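Right, one structure below, let's go through it.
Note on naming: letters A, B, ... go to the chains in the order of the sequence lines (proteins, then strands), and numbering restarts at 1 for each one. Just so we're clear, the structure is a prediction, and the values are computed from it rather than from any experiment. FYI, side chains are in, hydrogens and waters are out, and symmetry mates aren't considered; it's all heavy atoms of this structure.
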Number of protein chains: 2
Amino acid sequence: MQCRIMIPNRDQAPIERCQKCSVRHKAVCGALNDAELARLNQIARTRQIKPGQTVFSDQEQPEFFANIVSGVIKLTKTLSDGRQQIVGLLFAPDFLGRAYGGESPYLAEAATDVELCCFPSDNFEHMLGDFPDLEHRLFENTLDELDSAREWMLLLGRKTAQEKVASFLLMIAHRAPNIGCAHSDEMNFVQFALPLSRADIADYLGLTIETVSRHFTKLKSDGVINIINNREIAVPDIDMLANRADLEDAL
Amino acid sequence: MQCRIMIPNRDQAPIERCQKCSVRHKAVCGALNDAELARLNQIARTRQIKPGQTVFSDQEQPEFFANIVSGVIKLTKTLSDGRQQIVGLLFAPDFLGRAYGGESPYLAEAATDVELCCFPSDNFEHMLGDFPDLEHRLFENTLDELDSAREWMLLLGRKTAQEKVASFLLMIAHRAPNIGCAHSDEMNFVQFALPLSRADIADYLGLTIETVSRHFTKLKSDGVINIINNREIAVPDIDMLANRADLEDAL
DNA sequence: CGCGGTGTTGAAGGCATTCAATTGTTGTGG
DNA sequence: CCACAACAATTGAATGCCTTCAACACCGCG
């Protein structure tokens with residue numbers, strides 16, 4: 001099994017593989033020139049992950065870092081009695097792993113089918129020292145993650161369930177185009193696939209499954225969204241949804 | 001007024017001032033050697049801030065970064081209708097400011113009397129390029145902030161009011177010794193000063209003032225804490241408090 | 001002493017949760 | 001192709017926790 005998911009591809013022409021890579025310039029690799037990229041490529045291994053499968057355990061020393069080539073990874077924290085909270089969602093071309101971290105402070109698992117480009121921890125941390133641009137890129141990445149985390153703190157602490165659900169849909173609508181699961185015909189119309197189950201959405205918003213479901217149907221009956229099926233949502237007017245995200249306007 | 005709070009101290013012997021500084025080795029300056037420190041010191045200005053005073057506005061391009069020499073700074077985000085959430089607390093010797101950020105995504109204001117050691121943005125960002133160790137230190141700082149933010153997301157999304165209040169007291173009890181406002185006589189006994197008002201605590205925990213107050217008195221009547229006065233708390237048995245933080249055990 | 005600010009306490013109400021039952025979806029084997 | 005099981009999602013009714021609104025106590029200060 002271990003050998004099935006860690007596919008060596010040293011045999012490919014190093015740079016060629018990266019040149020064909022869909023996230024070559026958007027991921028952290030974008031900070032590297034060809035020579036540096038060749039070195040990184042030498043230690044890189046692709047890996048396929050199934051939905052629900054664990055990538056890093058809690059309290060475990062991760063053995064690799066990774067670029068997300070496709071799919072969505074969720075980062076979760078858990079209380080002793082089982083209550084869960086998703087503390088981060090990673091989309092392609094995000095970077096997975098905490099540099100200089102020791103053990104991972106949270107559980108990382110696949111929310112969808114995921115393709116990773118993995119780098120062994122020790123090799124990669126060594127490269128960080130050699131390539132300042134790479135570390136700098138990771139730093140900026142981390143700053144963005146911190147901003148998102150704080151944005152979500154505002155949501156968790158102060159928004160109503162309705163606003164939470166609307167904010168979530170809005171966030172997916174904005175990020176989905178980059179992961180190729182959305183299309184937009186007219187100006188304000190968007191349709192996209194949800195990368196998360198209702199249970200995951202609840203864990204992300206600090207709500208229960210039932211509350212999430214109720215507000216989906218409320219948004220539907222208010223004409224703000226169209227539920228094509230459980231995983232496919234259409235938004236006729238994105239501004240209308242945005243209004244629901246910040247402030248419960250009347251009724 | 002501007003001239004009153006930006007006190008030039010170029011006249012002091014550069015290194016001497018830093019050598020006497022209480023956070024010399026704990027703050028980001030710890031990453032610098034004497035020569036580098038001398039350069040940083042040349043652009044540094046100390047600044048005193050009163051409680052409630054704003055350091056950075058929302059949506060404003062900050063003109064400086066700063067080390068917190070003493071006191072506590074709160075970072076807040078606000079919804080359009082005024083609901084507030086504190087998304088970060090900074091204690092000495094933490095670093096204030098978002099590198100490479102453009103405008104600040106949140107409001108920074110003093111929770112207590114604060115002493116800052118400020119560095120003009122452009123100078124400082126330039127130094128980041130010159131001193132990789134300094135940037136590295138900031139990076140590690142940011143990673144720690146991200147961990148704290150995610151820890152707080154778990155609290156905001158999944159903990160009860162009782163657990164939130166207990167978690168807050170526990171966090172202050174742990175950090176207070178480092179900021180010189182706590183003492184511990186016996187093994188499990190701790191006493192400390194709260195750096196925040198009830199209103200600030202509420203904004204930090206995603207609760208109302210009243211709920212915070214109620215759970216303070218509940219913890220008191222349960223014998224978990226002793227309320228010396230509004231700003232002074234004694235904890236007879238810190239483990240007892242820790243139990244309240246994670247899991248509501250019976251009652 | 002009175003005043004403003006801060007914190008506490010009480011009663012009523014609302015929003016999200018909990019518990020429970022039903023419907024819908026997916027995949028598997030007959 | 002359908003029946004069936006297992007899972008995911010929706011819907012309903014009742015409970016409860018936190019909020020809201022309001023009044024009161026406390027504290028420092030002029």
Let me know the distance between [atom1] of [X] and [atom2] of [N], rounded to the nearest Å.
X: A:Ile201; N: C:dA16; atom1: CD1; atom2: P; answer: 16 Å
X: A:Arg158; N: D:dC18; atom1: CZ; atom2: P; answer: 13 Å
X: B:Ile233; N: C:dG7; atom1: CD1; atom2: C1'; answer: 12 Å
X: A:Lys159; N: C:dC15; atom1: NZ; atom2: P; answer: 18 Å
X: B:Asp81; N: D:dT20; atom1: CG; atom2: P; answer: 10 Å
X: A:Ile227; N: D:dT10; atom1: CD1; atom2: P; answer: 6 Å
X: A:Ile228; N: C:dT25; atom1: CD1; atom2: P; answer: 13 Å
X: B:Glu232; N: D:dC26; atom1: CD; atom2: P; answer: 20 Å

DNA chain D: B:Gly206 or A:Phe216, which has the more 5' nearest nucleotide? A:Phe216
Would B:Arg98 and A:Asp144 satisfy salt bridge (Lys or Arg N to Asp or Glu O under 4.0 Å), going step by step from the backbone distance to the final call? CA-CA 10 Å; B:Arg98 203 211 116 122; A:Asp144 290 339; 3.6 Å; yes
What nucleotide, of C:dT17, C:dT8, D:dC18, holds the atom closest to the side chain of B:Ile209? C:dT8
Output the single nucleotide from D:dA9, C:dT8, D:dT19 whose closest atom is nearest the side chain of B:Leu207. D:dT19
Under-3.5 Å N/O pairs linking protein and nucleotides 6-8 of chain D:
none

Residue list, side-chain hydrogen bond (donor to acceptor under 3.5 Å, both in side chains) with B:Ser104, at least two apart or on another chain: none
If you look at every heavy atom in [X] and [Y], which pair is closest and at what distance?
X: B:Thr54; Y: B:Glu109; result: CA-CB, 3.9 Å
X: B:Gln53; Y: B:Ile49; result: CB-CG2, 3.7 Å
X: B:Gln162; Y: B:Leu219; result: OE1-CD2, 3.4 Å

Would you please name every residue forming a ring pair (Phe, Tyr, Trp, His ring centres under 6.0 Å) with B:Phe168, sequence neighbours left out? none
With sequence neighbours excluded, what pairs up with A:Phe216 under the ring pair (Phe, Tyr, Trp, His ring centres under 6.0 Å) test? none
May I ask you to evaluate whether B:His215 reaches the phosphate of D:dC18, defined as a side-chain N or O under 4.0 Å from OP1 or OP2? yes
Any N/O pairs under 3.5 Å between the protein and nucleotides 12-15 of chain D? List them or say none.
| unit_1 | atom_1 | unit_2 | atom_2 | d |
| --- | --- | --- | --- | --- |
| D:dG12 | N7 | A:Arg214 | NH1 | 3.1 |
| D:dG12 | O6 | A:Arg214 | NH2 | 3.1 |
| D:dA13 | N6 | A:Arg214 | NH2 | 3.4 |

Knowing that exactly one of B:Asp222, B:Asp239, B:Asp237 qualifies, which makes a salt bridge (charged side-chain N to carboxylate O under 4.0 Å, His left out) with B:Arg244? B:Asp222
All salt bridge (charged side-chain N to carboxylate O under 4.0 Å, His left out) counterparts of A:Lys220, not counting sequence neighbours: none
